[in-house]
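Worth saying up front: this structure is predicted, and the values here are computed from it rather than measured. Both backbone and side-chain heavy atoms feed into the values below; hydrogens, waters and symmetry mates do not. Each chain gets a letter, A, B and so on, in the order its sequence line appears, and its residues count up from 1.
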Amino acid sequence: MCLAIPTKIVERDGSDALVEMNGVRQRIRMDLLPAARVGDYVLLHAGFAIALLNEEEAQETLDLLREVEVLSS
Amino acid sequence: MGEGPPSRYMEVCGTHTVAIARSGLKKLLPPTVSLISGPGCPVCVTDQQDIDTAIALAREKGVLLATFGDMVRVPGTNGSLAQAKAEGADVRILYSPFEVLRLTDENPGSEVVFLSVGFETTAPLIAAVVKEAARLEYRNLSFLILHKLLPPVMEALLGEPPALAGSGPSLPVTQGSPILDGFLMPGHVCAILGVEPFRFLGECYHLPGVVAGFDPDDILLALWMLQRQRCQGRAEMEIAYRRVVRAEGNRTAQRLLEEAFQPVEARWRGIGNIPCSGLALRQAYSAYDARGRFSLQVEPAPDTPGCACGEVLRGLLSPPECPLFGRACTPQSPVGPCMVSSEGSCAASYRYERIIP
């Protein structure tokens, strides 16, 4: 139910955006993320963008995963 | 991870339940770490009487009932929405709740009702749709709101907080509460709410929580962070899903929730009534409340004999411990909602973890 998938914004139009994932384009609602811009990656849930994906923070998670690997090896 | 203390962690998100079952993670964990599913599947926690109300509404003359796909097969006391549809009721499945506006435009002669379930991830979407419906002055559209809130049910599940005297993790002792050492926190609920509403877990129950993403790596990382907290005697709210979740959550979504809804007492399947654990439309949007528009009298529903969904939802029984599991109750012919919804712990367990003799 709370499944959400990352997509990239390719067009912005008022409360709507056109997003793309694996070459498939879809029109979605931006009510929850009004400030998101073209080029941003957003998480899509039931036709609405619900969260902005953050590249820097993703890197932080990868670093943590590396730390786990080091500790367990 | 195996060097930490023996630990029982609960996930309270159906998408986590499926991710854990599908990846076979449980088999890879050291024997000291066990995972228990909690009330994380919105379809499963919906009370039977509410399901009956939805079915009765769908059978009303002139009503077009739209909802999410998972809801239509859930058995009520007399049939399901799918059965009502087969018997002539107009029941539609929508992917996005926003589509209900188009559906209403296309069906001017129908009373369109959107049956809405879900936790804090989904409720702000409905708030946005209700606001838009009000702005565009839709007349033949209303919403049957069955949304539920996670922090109150987690608190109810844990029971009275243990005495805070002494140090180190203490366990809830209330009868009927699962014995837990921490929570794998729901990534997308926390993307909306942030972590603040969950801090009581550490402060009142001395239970750590780590917000987890949905890839097996994400879940393993969160479990490792939970074990690390336990080893260090900490009980804090941490985020292992930082690429999505910010500590403060999504403020716009929170404002939408606040604007459209007020918390009300709600009845949870297998758990009972919990104060302030559900949502109802605020006065400003009451014209869109299906309960106000239709006067439906639905009898309280009897429990389904033998079905242990309630105990499974509270983490007291694992799905295979239910006497009906895999025998009278299968995904093809489900008795309880935990077997209907693809995110139900019984369905996930049947599909991915069942030992086939």
Backbone N/O of A:Ala46 and side chain of B:Ser96: donor-acceptor pair under 3.5 Å: yes

Derivation and outcome, side chain to side chain contact (heavy atoms under 4.5 Å, CB included), residues B:Arg246 and A:Asn54: CA-CA 10 Å; B:Arg246 283 144 197 84; A:Asn54 185 325; 3.3 Å; yes

Side chain to side chain contact (heavy atoms under 4.5 Å, CB included) evaluation trace for A:Asp16 with B:Phe98: CA-CA 11 Å; A:Asp16 282 7; B:Phe98 204 77; 5.6 Å; no

B:Val244 vs A:Leu52 side-chain heavy atoms within contact, under 4.5 Å: no

Region of B:Glu132 in contact with chain A, defined by heavy-atom distances below 4.5 Å: side chain

Distance (rounded to the nearest 0.5 Å) between A:Leu32 CG and B:Gln254 CD: 10.0 Å

Chain B contact residues among residues 36-43 of chain A, heavy-atom distance under 4.5 Å: A:Leu43

Heavy atoms from other residues, nucleotides or ligands near CZ of B:Arg351 exceed 12 (cutoff 6.0 Å): no

Pair B:Thr122, A:His45: side-chain N/O donor-acceptor within cut-off below 3.5 Å: yes

A:Pro34 versus chain B, the contacting section by heavy-atom distance below 4.5 Å: side chain

Engaged part of B:Leu256 at the chain A interface, taking heavy atoms whose separation is under 4.5 Å: side chain

4.5 Å side-chain heavy-atom contact, A:Phe48 and B:Pro97: yes

Main-chain N/O of A:Ile50 paired to B:Asn250 side chain as donor or acceptor, under 3.5 Å: yes

Atom group of B:Arg251 that falls short of 4.5 Å from chain A, counting heavy atoms: neither

